[in-house]
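Report on the structure given below.
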Amino acid sequence: MERTSRRQFLKRLGMAAGSAAALSTFPGCVSVGQAAPGPKNRPNIIFIMTDDHASHAMSCYGSKINKTPNLDRIAQGGIRFDNAFCTNSICAPCRAVILTGKYSHLNSVRDNRQKFDGSQQTFPKLLQQAGYETAMIGKWHLKTDPTGFDYWNVLPGQGAYYNPAMIEMGQRKKYTGYVTDIITDHALTWLKHRTGDKPFCLMYQHKAPHRRWEPGPNHLTMYDDVTIPEPDTLFDDYQGRGRAAREQDMSIAKTMTPNDLKFTPVRNHTPEQKAKWEAAYGPKNEAFEKANLQGKDLVRWKYQRYMKDYLRCVAAVDDNVGRLLDYLDEAGLAEDTVVVYTSDQGFYLGDHGWFDKRFMYEESLRMPLLVRYPREVQPGKVSDEIALNLDFAETFLDYAGVAVPSDMQGRSLRPVLSGQTPADWRESMYYHYYEYPAVHSVKRHYGVRTKRYKLIHFYNDIDEWELYDLQNDPQELHSVYSDPQYADVVEELTAELKRLRAQYKDTTGTPV
Ligand SMILES: [Ca+2]
């Protein structure tokens, strides 16, 4: 790690000393290079979370459409979970589950419209009480101020991709640049200037690659000369499923707007950024207008525009995660730091003709989950155990040697991570989605998934059940709920669903 003065460091970030930088809130900060790792039995924790990054857009998960060399470094140095799922596939609710270790019906955030109750128990508060230095930097999205952090600096609401405002410990400031770079700048600033030798927990959370997928200035023409492969189900006709899949409003064909497709300007560009953007998009948009595409050709064009922009946003995340990993190596922190990479949920990348999330179907239920911790996790491992966002709080508390409160509902992944999965590890997971009626029109549903089967009940206004045999039908194209050959499975999973709802004390929604 190069040694730089505070002034030089700020200059590199494009921040004037004493103005924009976060350092004003770090009284007595130590100079670069002095940040000591925590005691070996209490690791540091860096929780990296992106927004809407599906695992099928990561090369360590076998992506056919992009490469993520830096995210792959985490997988190569640690473990990749192939059955990690979220319990409610939408942004704010997933975040609330992560912080509390409790399902949505118990943590105050069932949908994106509700406010997080910051007075409740969270894992950052418990880590802080146990002597950890805690920070939250980036996208928060919970409508109330962060609590439990020694330092926080978050985007207001969804935040902007270009020249974003951020709220630092209650004070709003504006920055010039691209949001993924800026969040990383702040994270590195905090890491390099921590106040003492306590172990730390940093939540480093990106806005990208959330809608409307605005690429950064370094990636505007990436993928211009390639065609992104289409998913098999881009022209799905929704036969074999119920009304919920047919009646959604999240399709590339019908829902995607001119704003999503970059036919409207970015509102807060600087003149220089605007010129670069227009040079990149102007000729492409003009060619599109002339082509006058219709029908499937138009959907195909929209898919290409959507995916290229999404993947450009992912590329900036990958570059920036690389910066963070480089810093951990250079500062000698890598051995003593648990690094987690995840996203608040998955996303439809044209699968079933969709974008967005919400459904309990695979592409949005599945979270990427990579964990690197050289002291306990063998490099290059893959686990097919069912892991949930509900488990993250318990896992971090376990590493910190803090007793897991009895009202948390998940379970520490630490033994799974170290290759000693308990014999009674879960064989099924419970899901519950609430945000309806609302944007994208995905009906309320709950369900249970095992390694082979998935049972879903769309309980409000249609009362329809679906069952998928993921072994025979991994793309979930044909519900076998009414197939007599699956009667036993239906009976077994219905009982399991009922059991899980009782176990998690979920009395919301129609009883099973
Ligand atoms: Ca999200």
Side-chain angles (χ1 to χ4, degrees), residues 47-58 61 68 71 84-100 103-104 107 109-116 136-143 146 154-161 164 179-180 183 203-214 248-250 255-256 260 306-307 309-314 316-318 320-321 340-352 354-370 388-390 392 431-436 438-442:
F47 179 74
I48 311 171
M49 185 162 72
T50 42
D51 196 331
D52 297 353
H53 187 191
S55 56
H56 50 311
M58 292 169 67
Y61 277 99
T68 49
L71 303 182
F85 305 116
C86 60
T87 58
N88 182 359
S89 181
I90 185 166
C91 309
C94 174
R95 290 153 197 265
V97 170
I98 288 170
L99 288 167
T100 61
Y103 268 90
S104 304
N107 69 27
V109 184
R110 293 179 199 175
D111 61 40
N112 268 346
R113 298 168 291 204
Q114 293 179 312
K115 288 183 179 176
F116 184 70
M136 164 64 225
I137 297 171
K139 185 166 180 184
W140 175 247
H141 198 241
L142 286 167
K143 293 185 192 286
V154 300
L155 296 171
Q158 292 283 1
Y161 271 108
V179 69
T180 307
I183 289 170
M203 298 183 80
Y204 160 58
Q205 303 189 169
H206 285 290
K207 168 185 176 61
H210 191 276
R211 193 185 186 188
R212 67 166 207 160
W213 320 294
E214 287 175 13
Q248 46 59 44
D249 181 21
M250 49 190 257
T255 315
M256 209 163 254
D260 292 326
Y306 159 46
M307 281 321 302
D309 284 345
Y310 178 96
L311 296 175
R312 288 164 182 151
C313 293
V314 169
V317 167
D318 189 73
N320 277 285
V321 168
V340 175
Y341 182 84
T342 190
S343 170
D344 57 351
Q345 78 285 307
F347 213 65
Y348 295 93
L349 308 180
D351 316 282
H352 305 294
W354 296 336
F355 64 98
D356 213 71
K357 51 256 180 181
R358 301 163 192 269
F359 278 111
M360 195 189 169
Y361 302 134
E362 288 297 273
E363 294 86 350
S364 49
L365 176 68
R366 186 179 298 283
M367 306 170 83
L369 179 59
L370 311 173
L388 304 176
N389 57 337
L390 189 70
F392 295 172
Y431 182 88
H432 196 162
Y433 171 81
Y434 294 87
E435 194 173 292
Y436 181 87
V439 62
H440 296 311
S441 292
V442 174

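The structure displayed is predicted, hence computed values, not measured ones. Any value given below was found using the heavy atoms of this structure, including those in side chains, with hydrogens, waters and symmetry copies removed. Counting convention: from 1, in listed order, for ligands and their atoms alike.
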**OP:** Starting from the C-alpha separation in whole Å, work towards a yes-or-no answer on salt bridge (charged side-chain N to carboxylate O under 4.0 Å, His left out) for Lys357 and Asp52.
**Re:** CA-CA 8 Å; Lys357 51 256 180 181; Asp52 297 353; 3.1 Å; yes
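- Checking Ser104 against Tyr433 by side-chain atom types alone, no donor-acceptor pair falls below 3.5 Å.
- Look at Cys94 and the Ca ion (ligand 1): no N/O/S atom of the residue is under 3.0 Å from the metal.
- When ring centroids are compared, Phe47 and Phe392 come within the 6.0 Å threshold.
- The NE2 atom of Gln345 and the OD1 atom of Asp51 subtend an angle of 130° at the Ca ion (ligand 1), given to the nearest 10 degrees.
- Under the 30°/60° scheme for interplanar angles, the aromatic rings of His206 and Tyr204 are found to stand perpendicular.
- Minimum-distance N/O/S atom of Asp344 relative to the Ca ion (ligand 1): OD2.
- Within Asp52, the N, O or S atom at minimum distance from the Ca ion (ligand 1) carries the name OD1.
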